[in-house]
Asks: 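I'd like to ask some things about the structure below.
The chains referred to below are lettered A, B, ... by the order of the sequence lines, with proteins before strands, and numbering in each begins at 1. Source: prediction; values computed, not measured.
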There are 2 protein chains.
Amino acid sequence: MRADAARNRRRVLAAAEQLFASGDARQVTMEDIARAAGVGRATIYRRFPTPAAVALELLDEHERRLQEAIMRGEPPLGPGAPPADRLAAYFEAMVGLLDGHLHLALGAETGNARFATGAYQFWRAHVRHLLREAGTSELDAMVDIVLAPLAPDLYRFQRYELGIGREQITAALGLLARKVTAGEPPGGRAQATHLHTGP
Amino acid sequence: MRADAARNRRRVLAAAEQLFASGDARQVTMEDIARAAGVGRATIYRRFPTPAAVALELLDEHERRLQEAIMRGEPPLGPGAPPADRLAAYFEAMVGLLDGHLHLALGAETGNARFATGAYQFWRAHVRHLLREAGTSELDAMVDIVLAPLAPDLYRFQRYELGIGREQITAALGLLARKVTAGEPPGGRAQATHLHTGP
DNA sequence: GGTAGAAGCGGACACGGCGTCCAGTTATTC
DNA sequence: GAATAACTGGACGCCGTGTCCGCTTCTACC
């Protein structure tokens, strides 16, 4: 890449970071970014197809760091700890990521974009591995179900519309992690705590 | 409402239903609906602010039926069954709704629209009640976490990009229902199946 | 059953973002 | 240092949006 192109790329990313942080990330347009970065619109189009792609690029940097910690870091996030602990640690780390860069995560969400990213594939593989290790059944469907609560939209709703604290969300996810990695619940079908004359 | 207005309203809804069903629901514009319904654009704006609002109206009809079944229908969907069974039955019913009207659910999704609907408030209250009955802790945060796997986007991804069957998703959600309504997992913190010299 | 008044209708308008193109400019290569 | 390839950004046409206003159609009242 040419030196001037690299400089512009940095300018664009820096300006976009600012823009996404201030105000509704989903309303940021290419024109906004171009104006803030001091470049023409076509210059951005050369590298990024949409504003969401710019947000994704910024977000990816942080996600890669977490991926590294998962693959080669210390337990319980890294290898070595039991699945329940690793899953809980992963949830906690993701809450940290969401909390710190929610604007980017929201800006990167355009329709179904979340599932199409490479990052999602990584999370999927990781959680699938943990669930398998824990002996969870219905693996293929369960993986995405377990990842669903990490949707940026949901986190925004919980935090800023319901006013739930970050610690509470982390605790609830930790509980979920233990529950889904636990063996089959006792009683199998139903715990008869209610009077109910069946069908 | 005047008779001609009611007739146009029906025309709009019928045309929109068709449109959402064929092709990408998220790309349906007011212009599309107006053309298909044979009315002017402003006529639709009189009653609906966005295409998503039209989809929501259509979806609401189906959701109200399910709400009725939950409040006054037979167990396990209706009152009387144990929480685990009711939650599993609710999940199964929601999968049916998603499967039958996915295009509407996707069309109704504009940004954070999902959480703002009255329907979501109902689901939230219902699941909260069930979890409370089951003695789940971290209730407030857990409710939305448990509802997260029902996001239309996710269902579309699982069904049509991963190719997971409806039955598998239903089974996995049933498993989740039993797990989250079960008591605290044995071992509390970690099941020591791995060697790990922690801090 | 005729008429006054209101409610509904839809074409027209201005706006803004999108995505592309191309002519001028700047960096790299030989 | 000249040839060549890459980059840049202003300009253009397109499409959807949301609103406005003159015209039409219905309804309620006499």
Side-chain angles (χ1 to χ4, degrees), chain A residues 1-58 103-104 106-114 116, chain B residues 1-58 103-104 106-114 116:
Chain A
M1 193 191 304
R2 263 165 50 166
D4 54 345
R7 178 173 45 81
N8 274 346
R9 184 191 158 84
R10 277 195 306 275
R11 273 190 196 166
V12 165
L13 288 174
E17 173 101 58
Q18 294 285 98
L19 272 178
F20 283 121
S22 63
D24 187 351
R26 267 177 287 233
Q27 314 237 46
V28 175
T29 71
M30 281 300 207
E31 196 134 358
D32 292 335
I33 301 176
R35 198 170 11 216
V39 303
R41 229 154 30 87
T43 303
I44 306 182
Y45 272 109
R46 174 165 288 269
R47 251 171 273 281
F48 304 103
T50 62
V54 182
L56 201 58
E57 177 74 24
L58 288 162
H103 48 282
L104 288 180
L106 290 172
E109 293 258 287
T110 297
N112 46 332
R114 182 165 168 246
Chain B
M1 193 192 302
R2 263 166 48 169
D4 55 343
R7 178 175 45 79
N8 274 345
R9 184 191 158 84
R10 279 195 303 276
R11 273 191 197 165
V12 165
L13 287 174
E17 173 100 58
Q18 293 285 97
L19 272 179
F20 283 120
S22 63
D24 187 350
R26 268 177 286 234
Q27 314 236 46
V28 175
T29 71
M30 281 299 208
E31 197 135 356
D32 292 335
I33 301 176
R35 196 168 12 205
V39 302
R41 228 152 32 84
T43 303
I44 306 181
Y45 272 108
R46 172 165 291 269
R47 253 171 271 283
F48 303 102
T50 63
V54 182
L56 201 57
E57 178 74 24
L58 288 162
H103 47 282
L104 289 180
L106 289 173
E109 293 259 288
T110 298
N112 45 333
R114 182 166 167 245

Asks: Say whether, by atom type as modelled, one donor and one acceptor occur between the side chain of A/Asp32 and the main chain of A/Thr29 under 3.5 angstrom.
Replies: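 Side chain of A/Asp32 to backbone of A/Thr29, a donor-acceptor pair under 3.5 Å: yes, one is there.
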
Asks: Answer yes or no: does a side-chain N or O of A/Arg46 lie under 4.0 Å from OP1 or OP2 of C/dG19?
Replies: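 For C/dG19, OP1/OP2 do not have a side-chain N/O of A/Arg46 under 4.0 Å.
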
Asks: What is the distance, rounded to the nearest whole Å, between atom CD of B/Gln27 and atom P of C/dC18?
Replies: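 Between P of C/dC18 and CD of B/Gln27: 15 Å.
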
Asks: Which distance, rounded to the nearest 0.5 Å, do you find between the CG of A/Asp4 and the CZ of A/Arg11?
Replies: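 Result: 10.0 Å between the selected atoms.
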
Asks: Of all heavy-atom pairs between A/Val12 and A/Ala37, which one has the smallest distance, and what is that distance?
Replies: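 Minimum heavy-atom separation between A/Val12 and A/Ala37: CA-CB, 3.8 Å.
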
Asks: Pick the nucleotide of DNA chain C nearest each of A/Met30 and A/Ala42; which residue has the one closer to the 5' end?
Replies: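 Counting from the 5' end, the first nearest nucleotide belongs to A/Met30.
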
Asks: Under 4.0 angstrom, heavy atoms only, what part of the nucleic acid is A/Arg47 near: base, sugar-phosphate, or nothing?
Replies: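 The residue A/Arg47 makes sugar-phosphate contact but no base contact.
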
Asks: Rounded to whole angstroms, how far apart are CZ on B/Arg35 and P on C/dG11?
Replies: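 Rounded to whole Å, this separation is 12 Å.
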
Asks: What's the CZ-P distance between B/Arg11 and C/dG8, to the nearest Å?
Replies: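 Going from CZ in B/Arg11 over to P in C/dG8 covers 16 Å.
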
Asks: Take the protein atom CD1 of A/Ile33 and the nucleotide atom P of C/dG19, then report the distance between them rounded to whole Å.
Replies: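 Result: 12 Å.
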
Asks: Across the strands shown, which category fits B/Ala34 at heavy-atom distances under 4.0 angstrom: base, sugar-phosphate, nothing?
Replies: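 No contact.
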
Asks: Can you tell me how far the CE atom of A/Met30 sits from the OG1 atom of A/Thr43, to the nearest 0.5 Å?
Replies: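 Result: 11.0 Å between the selected atoms.
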
Asks: When you list every nucleotide of DNA chain D with an atom under 4.0 Å from a heavy atom of chain B, which one comes first 5' to 3', and which comes last?
Replies: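 Nucleotide range in contact with chain B: D/dG16 to D/dT27.
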
Asks: Can you check the B/Ile44 CD1 to C/dG11 P distance for me, whole Å?
Replies: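 To the nearest whole Å, that distance equals 12 Å.
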
Asks: Nearest 0.5 Å, please: how far is CD in B/Glu17 from NE2 in B/His103?
Replies: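 These two atoms lie 5.0 Å from each other.
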
Asks: Kindly compute the distance separating CG (B/Leu13) from CD (B/Gln18), expressed to the nearest 0.5 Å.
Replies: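 These two atoms lie 12.5 Å from each other.
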
Asks: Rounded to the nearest angstrom, tell me the gap between atom CZ in B/Arg9 and atom P in C/dG10.
Replies: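 In whole Å, C/dG10 P lies 16 Å from B/Arg9 CZ.
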
Asks: Between C/dC9 atom P and B/Phe48 atom CZ, what is the distance in whole Å?
Replies: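 It is 12 Å, rounded to the nearest whole Å.
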
Asks: Can you tell me how far apart CD1 (B/Ile44) and CZ (B/Arg46) are? Round to the nearest 0.5 Å.
Replies: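 Reported value, rounded in 0.5 Å steps: 12.5 Å.
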
Asks: Side chain of A/Thr29, heavy atoms from C-beta onward: which of C/dC9, C/dC21, C/dC18 has the nearest atom to it?
Replies: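 Of the options given, the side chain of A/Thr29 lies nearest C/dC18.
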
Asks: Taking only the side-chain nitrogens and oxygens of B/Arg41, find out if one of them lies under 4.0 Å from OP1 or OP2 of C/dG10.
Replies: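 No, no such contact exists.
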
